Structure formats: structure tokens, C-alpha cells
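The structure appears below as C-alpha cells.
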2 protein chains.
Amino acid sequence: MESVREELQLFVRRLGLLNASCCDECCGQQVSMAQSHILSEIRRRGSPSMQRVAEELGMDVTTFSRQAKGLEGKGLIMRQVAPEDRRVSRLGLTDEGTQVLEQIDRYMVDKLEQIFSSLTSFERETVVKSLGLLNEAVAKSGCCTQRDKTIACCK
Amino acid sequence: MESVREELQLFVRRLGLLNASCCDECCGQQVSMAQSHILSEIRRRGSPSMQRVAEELGMDVTTFSRQAKGLEGKGLIMRQVAPEDRRVSRLGLTDEGTQVLEQIDRYMVDKLEQIFSSLTSFERETVVKSLGLLNEAVAKSGCCTQRDKTIACCK
DNA sequence: ATTAATAGTTGTAAAGTGCAAATAACAATA
DNA sequence: TATTGTTATTTGCACTTTACAACTATTAAT
């Protein structure tokens, strides 16, 4: 299990770097990695509230508030006061935001294809299946989800 | 491949959070995640130079310089002028640094065991093997390693 | 009506970041 | 040897990110 920990740490670190470099490469440095994660998360959920997204990203709400403002300023996201509760802002991607996100995705997919190209198709299948298993396992374990106010991971 | 990208992004994000929370939980908030990565990397290599570590972590050398100073101040790492080239500082973990790192490792291993506990032993084997494959593939692809001055990932 | 809870925003201060420029040591060469 | 170029690390500076505390606006509970 020790070796798994090491293996994971390396992998996560490297993929983080890869993701970061994709971000500033493709859209003329206008989007940081944190911001790209925000965009992804907004797309993943339908039109989530600020809290919701901040929570999923393990980010303080106040920090998120500023980031959101930044993204809105860049015209990548928009907010709408929720009719059923006027305290909450529902977030959504603008067309430009959608495009930027797709651009980042393309870059990443491209790099991933480079990475996967050294695998046999059997290995590739195994790896893909494993990723699914891993994410499920993380979800089941309850790690990395909010629990009674204390943020994110396993507190 | 799209789905792989999404799967990976989620996974990397969550594991990053997990790692971060392990860092500030176990050793009384004295070590940030970036710093824990520095410690890991110093242990992984024998007694690397500053450049070496900064490079592997995709961190600007100047930023790294400050972080290293901080860690030295906390008594977690030490530096030694390399006899063969007095420009370079060789980094090493102090006893305390080693202990702190081991503590973080234990926390992470613990969480990982929780996560893996929902897998069958066959699945677990598959996943472990896949992680190895992935890291190899990343290394082979040349992504995430320095290339002519431009840092880290695939530039 | 009043009090409590919740979603979001700012003030402020600390930490992290990278670029440019400086220092120090080494390397190459005239 | 003196000079010029290169490399490893450090500092000055400006900018961003971050979180805690305190605030506003809205809803819920009594």
C-alpha cells in the first residue's frame, strides 16, 4: 500500500501539472487551473449554486466568490438569482465559457492520447476500467466529500 | 477518451484534496501540500539539488528557493554545499523532516485503505497494476518532464 | 415580530507565485 | 591570467490566491 501511495502521489502531481499547462497554453493564459476546474464543475452540475461548487472543489466560499467574480468579468460564466430563493446565485457557462472549456478539454484529450499511445489496447482497457473503479471507490469511501461543515477530505 | 479525461480530472482533484487535508491534519498545520511534495521528492531522489526538485515539481526556482528556506527554518530539511560544485546546494531531510513525512504517509495510506476497502481483491490488483502502467506511460510520453528550459508539461 | 439560520460579499492580512536583476561559482578561451 | 560566458541560487518587487472575521440580504422558525 505504501507503493500505491507513492505511485498515486506522483501520478496526481504530474497530471496536475499537465492540466495546468494545458490551461495556460490553449486559451492565452486567461484561465488558471482553479478556474478551469470551476468551469468543469459548473458544466458537470446543471446550474449549481456558489456553495455547491466551492464545496466540491474544496475551496473556501469567500475565495470562490472572488474567483467567480473574475470569471464573470471575463465573460466566461454568468449568474442568475434563483427565483425560489433569492439568496442563491445559480451559475452557468456563457457560450464563450463553454468554448474555452472545450478548448482545454481538447488539449487534455490530446495529451492523454499521447500518454495512452504507449499502452496496448488491452492495457488501455484495463486502465480505463480501473479509473472508473477508483472514482467509485473514492465516492463510496466518503473521503473527499463535505461532512458537517468541515470541508472536503476525511476530516 | 473524453470520458477518461473527465474521470481523470475528478480523480486528480479529489486525491489532491485528500493529500492536502492529510498534510494539515497530521502535523499540526505546519506543512503545506507543496511543502510535503518537496519533502517527498527529496526522499525519492538521494540528495538532489534545488533545481532538480523545483523542476520535477514544476515550480519556479525562485519560488522553490523560498519554500526551501521555510522548510529549513522549520528544521525539516538541511542543505549542504556540494563539494564538486560549490554553486549547488544538496538537499536532505532532517530526522524531524523524515518523521513528518512518514506521518503524512501514514495518514494517506490510511485513507487509501479506506478507499480501496470497497474493492474486491481482484479489482484492487487491477487498479494497482493500472497505476503502474499509467505512470510508466506518462514517463514514456515525455509529458511532464522538462524540455529545453520551458517548464514541466508538454510545452 | 423577533430571532435564528443561510448564501453571498467585502476588509484585511498572510502566503504563494514568477519575472527581472543580482551574486557567486564554475567553464572556456584568448 | 584576464575575460567572457554559463549555471545555481538568492533577493526585490508586484500580483494573485487564500482564508478568517465581519457584514448584508434573504429566508425559516417560533
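Each chain gets a letter, A, B and so on, in the order the sequences are listed, and its residues count up from 1. Since the structure is predicted, the reported quantities are computational estimates derived from the model, not experimental observations.
Put simply, CE on M59(B) is 16 Å from C1' on dT9(D), counting in whole angstrom units. Here dA21(D) presents its P atom at 14 Å from CZ of R66(A), a figure rounded to the nearest Å. Rounded to an integer number of Å, the gap from CG of L17(A) to P of dG18(C) is 11 Å. In this structure, E84(A) atom CD and dA7(C) atom P are separated by 12 Å, rounded to whole Å. The distance between atom CG of D60(B) and atom C1' of dA21(C), rounded to the nearest whole Å, is 14 Å. In this structure, the CD atom of Q35(B) is 16 Å from the P atom of dT18(D), given to the nearest Å. Rounded to an integer number of Å, the gap from H37(B) NE2 to dG16(C) P is 14 Å. One atom, CE of M33(A), and another, C1' of dT17(C), lie 13 Å apart when rounded to the nearest Å.
Checking side-chain atoms of E123(A) against main-chain N and O of T120(A) turns up a donor-acceptor pair under 3.5 Å. Judged by distance alone, with hydrogens and angles left aside, the side-chain atoms of T94(A) form a donor-acceptor pair with the main-chain N or O of L76(A) at under 3.5 Å.
Counted by atom type alone, Q80(A) and S47(A) present zero donor-acceptor pairs between their side chains at under 3.5 Å.
R52(A) contributes no side-chain N or O that forms a donor-acceptor pair with the base of dG8(C) under 3.5 Å. Judged by distance alone, with hydrogens and angles left aside, R87(B) brings no side-chain donor or acceptor close enough to the base of dT9(D) to form a pair under 3.5 Å. Between the side chain of R86(A) and the base of dG8(C), no donor-acceptor pair under 3.5 Å is found. The base of dG8(C) does not come close enough to the side chain of R90(A) for any donor and acceptor atom to sit less than 3.5 Å apart.
Taking every side-chain heavy atom of S65(B) into account, dT11(D) is the closest of dT12(C), dG8(C), dT11(D). Comparing dT26(D), dC19(C), dT9(C) against the side chain of D85(A) picks out dT26(D) as the nearest. In this structure, the nucleotide among dT10(D), dG8(C), dC19(C) sitting nearest to the side chain of R79(B) is dT10(D). Looking at the side chain of V88(B), the nearest of the listed nucleotides dA7(C), dC20(D), dT9(D) is dT9(D).
Residue-to-nucleotide proximity on DNA chain D shows that, of A82(A) and F64(A), the 5′-proximal contact is made by F64(A).
Side-chain nitrogen and oxygen atoms of K69(B) include none within less than 4.0 Å of the OP1 or OP2 phosphate oxygen of dT9(D). One finds a side-chain N or O of T63(B) lying less than 4.0 angstrom from the OP1 or OP2 phosphate oxygen of dG18(C). Between T62(B) and the phosphate of dT10(D), there is no side-chain N or O to OP1/OP2 separation shorter than 4.0 Å. The side chain of Q67(B) contributes an N or O atom lying less than 4.0 Å from OP1 or OP2 of dT17(C).
For the side-chain contact (heavy atoms from CB on, under 4.5 Å) with L91(A), the lone residue among E72(A), R52(A), R79(A) that qualifies is R79(A).
Within 6.0 Å of CD on E113(B) lie more than 12 heavy atoms contributed by other residues, nucleotides or ligands.
Classification of R45(B) and E41(B) as a salt-bridged pair holds, one side-chain N sitting under 4.0 Å from a carboxylate O.
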